[in-house]
Amino acid sequence: MTTSWADSVENAAPGGVVGTSSTQSRSAYVPPHLRNRPPSSDPPTAPPSYATAALGNDRSGYGGMSAGGSRSSGPRGGGGRIGGGWNNRSGGWDRGREREVNPFGDDDDTEQAFGEQENTGINFDAYEDIPVETSGENVPRPVTTFADIDLGEALNQNIRRCKYVKPTPVQRHAIPISIAGRDLMACAQTGSGKTAAFCFPIISGIMRGNQFVQRPPRMPRMAFPQALILSPTRELSCQIHDEAKKFAYQTGVRVVVAYGGAPINQQLRDLERGVDILVATPGRLVDLLERARVSLQMIRYLALDEADRMLDMGFEPQIRKIVQQMDMPPPGMRQTMLFSATFPKEIQRLAADFLSGYIFLAVGRVGSSTDLIVQRVEFVHESDKRSHLMDLLHAQKTNGVHGKQALTLVFVETKKGADSLEHWLCINGFPATAIHGDRTQQEREQALRSFKSGLTPILVATDVAARGLDIPHVAHVVNFDLPNDIDDYVHRIGRTGRAGKTGLATAFFNENNSSLARSLSDLMQEANQEVPAWLSRVAARSIYGKNRRGGGRFGARDFRRESSFSRGGTDYYGGGNMGNNYNASGGYGGAYGAGVTSAWD
DNA sequence: AAAAAAT
């Protein structure tokens with residue numbers, strides 16, 4: 001057995017790791033990001049607060065719902081998987097059968113692994129004064145460090161391996177809320193660390209709860225996940241799965257992904273080996289439920305990423321089926337977390353069906369409100385779009401950033417449009433690829449890889465790529481065709497300007513987009529962007545209403561406050577009896593060295 | 001009207 005980098009870290013980490021059976025001597029190697037850190041900066045292990053925190057999510061009372069009777073005081077699933085302690089890594093479920101793949105890929109060559117990460121130069125100052133609004137009853141106080149909450153040593157190690165030093169604003173608020181067992185509707189720009197915000201509490205909760213959770217009924221070939229994470233696209237589910245695997249590494253918490261377009265057999269095998277957290281797209285999950293290969297009766301956590309999309313017309317029936325018409329415990333018996341950058345009122349109203357006594361959390365729109373993304377709108381007739389795009393691409397050809405070609409993501413309206421634009425770009429000497437829902441899953445993943453690697457630095461995409469995908473180094477988002485919904489615009493431009501980096505978003509506007517004029521103009525104004533005079537004129541004439549968010553710093557407001565406190569929509573600090581406001585500043589004091597980053601997803 | 005999501 002090779003000495004993994006992870007083992008070395010563990011050995012180097014002070015604080016007395018409980019349950020580590022050190023049968024062999026390990027080197028005392030300290031990885032770069034942990035050097036120069038005083039031992040005292042490590043989170044203490046298992047402070048007394050842990051016991052009380054654990055009560056917060058004690059939803060084990062729904063025992064009556066499942067068959068099979070007796071409460072199990074021991075670990076479930078056989079094999080003594082958890083063994084009652086944090087950080088039990090070697091015992092149990094994976095013994096002999098498979099070695100858990102190190103998702104950090106740093107077993108042998110740590111330096112190289114970290115050298116490839118390009119997360120220096122993060123502009124923490126840009127996040128200093130992010131406004132935060134919470135509403136709901138008894139909102140738990142936010143934390144300022146990961147150590148303020150005991151997530152468990154194994155998870156803490158993974159947080160360190162990810163080089164997350166400070167929680168992001170959404171994490172500071174969302175993690176204590178979900179650790180306290182509360183339902184949550186969270187509005188925060190993708191790229192602000194949402195994935196970790198719901199994964200950390202889930203993983204931690206599964207680890208701590210395992211010895212209390214009822215053993216699932218003995219049903220061969222039926223999987224009983226404790227957490228379900230749903231997302232609207234296959235690629236996003238993959239991405240969440242990859243992230244969750246990192247966070248869950250050597251915690252004993254098993255993460256499996258299931259989505260369409262890929263052979264189901266491997267997914268079935270993965271499920272049979274055991275799953276605690278299932279990441280899925282809705283269609284494939286319904287399939288698995290109908291085949292009776294997955295049961296939701298042990299679900300303790302439900303997370304919907306891009307929740308407003310999941311509840312819009314296209315997805316709502318499937319989501320209702322999964323959440324309300326199968327065997328999932330009802331609200332109050334499970335913990336539900338909804339995340340998105342945008343949350344229209346009407347969707348919030350729908351979402352209330354899935355929640356119980358929830359807390360609404362809004363973190364100021366990072367991407368569009370901090371000048372990190374420069375937004376431009378140009379009037380381009382339909383017939384001129386291609387040559388105009390060509391001009392843009394020519395102009396930026398020379399602007400490669402540190403040797404790497406700047407990536408350009410071009411959004412179009414239709415799948416056909418994506419194909420034809422890709423073809424046109426290619427025959428005109430621009431290395432482009434395309435992604436849309438009519439391509440095979442292989443083609444989709446290939447396109448994404450080829451784009452990320454810079455092999456084809458231009459990606460033409462439909463809205464399949466609009467949400468959630470984290471593609472580093474996207475310098476330019478072009479809205480070749482503007483969407484009809486301003487929320488889609490927000491998600492699209494959010495593919496650039498991530499992790500504190502700057503980005504450019506160019507929109508081609510013409511008479512077909514007049515319905516968007518008003519909201520686009522308002523949005524840009526709020527983000528301190530230069531609004532062209534012609535756009536202001538079109539917006540002023542527009543018969544379409546003002547941005548339904550009512551302007552301001554948040555992607556949405558708690559609709560529950562709307563009726564009693566609607567005074568023009570800008571009064572976020574109006575002193576409603578259920579509202580709380582915090583200022584998120586104070587955490588990013590600049591105490592970071594190169595290569596150390598916060599948890600911007 | 002379009003896109004996404006099961007086979």
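Worth knowing before you read on, the calculation uses all heavy atoms, side chains too, and leaves out hydrogens, waters and symmetry mates.
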Quick check: does any side chain N or O of Arg182(A) sit under 3.5 Å from a backbone N or O of Gly357(A), one acting as donor and the other as acceptor? yes

Between Asn510(A) (side chain only) and His381(A) (backbone N and O only), is there a donor and an acceptor less than 3.5 Å apart? no

Base contacts versus sugar-phosphate-only contacts with protein, heavy atoms under 4.0 Å: please encode nucleotides 2-7 of chain B as B, S and - from 5' to 3'. SSBBBS

Once you measure the plane-to-plane angle for Phe379(A) and Phe509(A), does it fall in the parallel (<30°), tilted (30-60°) or perpendicular (>60°) bin? tilted

Could I get the full list of side chain to side chain contact (heavy atoms under 4.5 Å, CB included) partners for Ser237(A), not counting sequence neighbours? Ser231(A), Val257(A), Val279(A), Thr281(A)

N-O pairing of Glu445(A) and Lys452(A) below 4.0 Å: no

